[in-house]
Amino acid sequence: MRHCFIALLLLLLPSLTIAQEKDTPAAKNHNLEVGKNLDIFNNAFRNLDMFYVDTLNPEQTITSAIKGMMRSLDPYTEYYPENETKNLQQMITGKYAGIGSIIKYHSGRKRVVIDEPYAGMPAAEAGLKKGDIILSIDDSTMTDKNTSYVSSHLRGDAGTSFILKVLRPAAGQSSKAKNVKGQELKFKITRRNIKLPELPYYGILENNGEKIGYINLNQFTEGCSRSVRNALIELKQKGATALVFDLRGNGGGSEMEAVDIVSLWVNKGQLVVENRGKVSQASRSYRTRLEPVDTLMPMIVLVNGETASASEITAGALQDLDRAIIVGTRTYGKGLVQVPMELPYNTNVKITTSKYYIPSGRCIQAINYKRDGQGAYKERIADSLTHVFHTRAGREVRDGGGISPDVEVKADSLPNIVYYLSIGGLDSTEVMFDYIVDYIASHPSIGDDPTAFHLTDQDYAEFRQRVIDSGFTYDPMSRKQFDELVKTAKMEGYYDEAKEAFDALSEKLKHDVASDLDKHRSTIMQMLELDIISAYHFQAGSLRAGLAYDRQLKEAMRLLNSPKEYQGLLQPAKKN
């Protein structure tokens with residue numbers, strides 16, 4: 001749950017060359033304006049370079065100018081100087097060369113630590129564990145560096161080796177201990193090409209005697225459609241008669257991978273998405289080009305507010321073609337397409353060249369990015385301004401604002417105390433993280449089945465006491481909103497006559513960590529268990545165990561076990 005908050009990947013197409021617009025009077029005038037302003041920019045920089053009191057760094061100055069120009073457009077149009085080109089490639093491919101581990105900054109100890117090694121990657125194979133404090137990489141000290149700096153040194157060319165020195169803390173130390181005691185360890189690690197797992201978990205879920213396949217896809221990187229195809233075939237071979245396709249938290253990626261994934265469930269030659277841009281080269285239609293694996297299997301797609309871009313093409317196309325029922329909450333609403341283009345001297349730019357439209361003809365872009373004389377601003381499309389479109393069977397769907405689910409099911413919200421326990425309290429007390437590290441140190445194994453692992457009442461009692469003893473504090477939202485209400489009441493002159501009621505409410509809202517730990521015990525236990533499981537069974541084990549608490553998945557399973565209700569959702573609403 002802590003890592004759900006993944007970075008948004010952007011919808012990307014293969015590079016293309018944009019031809020010039022037709023030689024119309026408007027185009028001639030536009031080209032004149034372009035030439036004039038480029039001349040102004042040229043001369044401005046030349047004069048700065050010649051007369052500015054200090055010597056300019058041309059690369060820094062021009063890069064800042066280009067990035068400033070990009071910021072006046074939309075957030076997806078970006079410039080990549082030579083030293084950032086690898087970031088663009090990683091976004092497109094999902095690959096980088098490194099050790100394969102999440103690292104984090106431990107705010108209590110002011111050090112970068114290992115958070116979660118990936119299964120089968122150099123960090124895990126070397127024996128690095130959650131909580132290991134990174135001391136040095138080769139001869140470079142890392143104890144006073146931030147996460148970005150340490151990450152850049154852990155990465156490098158595949159095949160290169162380095163010595164990583166870490167401190168494995170002894171159990172039972174304060175989260176804010178400056179002089180951490182423990183065992184210093186050295187590891188020789190060879191960097192490898194790391195591809196983040198696009199399918200963290202897939203498998204068979206038993207539901208009232210029925211075998212339901214489950215596939216979790218977390219990014220649309222190169223080759224992911226092949227992985228989904230193989231997983232689907234394997235699940236069918238194991239007897240799956242229905243499918244849940246989980247796109248929650250998936251920020252998107254490659255448009256062509258989305259088209260090929262839709263191909264798994266609909267006939268060849270079906271329109272999936274159409275791009276419409278200013279010039280003809282940016283406009284193109286994409287149809288399914290592969291033979292399907294299964295066109296009849298009942299199917300539900302899970303989505304949420306972090307389902308974006310290529311994920312929305314997939315979910316939206318399956319909805320428009322009446323091939324699947326969408327369950328969850330409204331998606332992000334990114335209907336823009338970017339094209340990466342090479343520039344001189346190994347620099348790159350990624351440009352928004354078109355909007356995309358799914359089979360019903362709708363564009364689900366939620367925000368208009370506009371420009372005026374004062375710069376750029378954004379304007380969210382109001383629901384009242386959206387338009388009605390129809391699926392192939394005649395069901396009503398709307399444009400603007402993302403994909404609205406056929407069945408809305410909100411996920412459980414996290415209590416504020418759980419959020420602060422996961423990131424560290426207001427005073428940087430990372431008591432949850434350190435409890436998990438200590439638990440791992442004292443338990444060599446938790447068994448082979450991650451779904452069978454549970455903390456005991458005694459375990460939770462120990463954790464609860466550690467939180468209280470640590471002096472952990474957090475910012476309860478109810479108290480924050482109460483303080484705002486008091487300010488407003490005083491400003492409007494109501495406070496004095498209602499002071500007694502305000503005082504009584506203030507007393508009830510007093511910050512009581514012990515009480516909150518009891519009130520939210522089950523949710524906190526789930527968080528602890530899933531983080532502990534990930535240390536032994538990696539991301540797949542944690543995800544698999546977390547499905548037991550998933551209310552959106554439970555609704556999907558219920559619908560798949562109710563054929564009449566499932567089919568009814570795919571039929572147009574009857575008009576009176």
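Residue numbers run from 1 in the order of the sequence given. Below, each value reflects all heavy atoms present in this structure, side chains not excepted, and no hydrogens, waters or symmetry copies. Fair warning: this is a prediction, and the values are worked out from it, not measured in the lab.
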Can a salt bridge be assigned to the pair [X] and [Y] using a cut-off of 4.0 Å between side-chain N and carboxylate O?
| X | Y | answer |
| --- | --- | --- |
| R191 | D157 | no |
| E234 | K236 | no |
| E291 | R229 | no |

With sequence neighbours left out, which residue pairs that include part of residues 539-565 fulfil the ring-ring contact (aromatic ring centres under 6.0 Å, His included) condition? none
Determine whether R392 and D320 satisfy the following criterion, salt bridge (Lys or Arg N to Asp or Glu O under 4.0 Å), listing intermediate values before the conclusion. CA-CA 6 Å; R392 176 176 289 178; D320 284 357; over 6 Å; no
Which pair of heavy atoms, one from [X] and one from [Y], lies closest together, and at what distance?
| X | Y | result |
| --- | --- | --- |
| A231 | I215 | CB-CD1, 4.1 Å |
| Q319 | R395 | O-NH2, 3.0 Å |
| V272 | P359 | O-CD, 3.0 Å |
| A240 | G213 | CB-N, 3.8 Å |

Which residues pass the salt bridge (charged side-chain N to carboxylate O under 4.0 Å, His left out) test with R330, not counting sequence neighbours? D383
Stepwise side-chain contact (heavy atoms from CB on, under 4.5 Å) test for V113 and Y105: CA-CA 6 Å; V113 300; Y105 189 78; over 6 Å; no
Rounded distance (nearest 0.5 Å) linking atom OG of S285 with atom CD of E274: 4.0 Å
Nearest 0.5 Å please: distance from the NE2 atom of H390 over to the CZ atom of R398. 10.0 Å
If you apply the rule side-chain contact (heavy atoms from CB on, under 4.5 Å), what do you find for Y356 with C363, and how did you get there? CA-CA 6 Å; Y356 70 75; C363 176; 5.9 Å; no
Have N348 and E84 got a donor and an acceptor in their side chains that come within less than 3.5 Å? no
[Y] backbone acceptor or donor facing [X] side chain under 3.5 Å:
| X | Y | value |
| --- | --- | --- |
| E565 | S562 | no |
| N250 | T307 | no |
| T288 | G269 | yes |

Residues in side chain to side chain contact (heavy atoms under 4.5 Å, CB included) contact with Y79, at least two apart in sequence or another chain: T63, I66, K67, M70, P81, L343, T347
Who pairs with P292 by side chain to side chain contact (heavy atoms under 4.5 Å, CB included), at least two apart in sequence or on another chain? N267, T295
Test S263 against K268 for side chain to side chain donor-acceptor pair (under 3.5 Å), laying out the working first. CA-CA 7 Å; S263 298; K268 188 175 178 181; over 6 Å; no
Please determine whether salt bridge (Lys or Arg N to Asp or Glu O under 4.0 Å) holds for the pair E116 and K104, giving the CA-CA distance in whole Å, both sets of side-chain angles, and the decisive distance to 0.1 Å. CA-CA 9 Å; E116 183 181 333; K104 64 163 281 184; over 6 Å; no
Step-by-step side-chain contact (heavy atoms from CB on, under 4.5 Å) determination, L73 to Y369: CA-CA 7 Å; L73 304 173; Y369 296 98; over 6 Å; no
Before giving the answer on salt bridge (Lys or Arg N to Asp or Glu O under 4.0 Å), spell out for R544 and D449 the whole-Å C-alpha distance, their side-chain angles and the decisive distance to 0.1 Å. CA-CA 10 Å; R544 182 182 167 198; D449 182 2; 3.8 Å; yes
Under the side-chain contact (heavy atoms from CB on, under 4.5 Å) criterion, do L199 and N216 qualify, and how do the steps go? CA-CA 6 Å; L199 293 183; N216 182 295; over 6 Å; no
Are more than 12 heavy atoms, taken from residues, nucleotides or ligands other than R226, located less than 6.0 Å from that residue's CZ atom? no
Near R284 CZ, under 6.0 Å, is it more than 12 heavy atoms from other residues, nucleotides or ligands? no
For T147, enumerate each residue passing the side chain to side chain donor-acceptor pair (under 3.5 Å) test, keeping only those at least two apart in sequence or located in another chain. none
Output all residues satisfying ring pair (Phe, Tyr, Trp, His ring centres under 6.0 Å) with H153, sequence neighbours left out; order by chain, then residue number. Y149
V244 and V327, any side-chain heavy atoms less than 4.5 Å apart: no
Verdict with reasoning, R248 to D550, per salt bridge (Lys or Arg N to Asp or Glu O under 4.0 Å): CA-CA 12 Å; R248 291 173 297 180; D550 193 331; 2.5 Å; yes
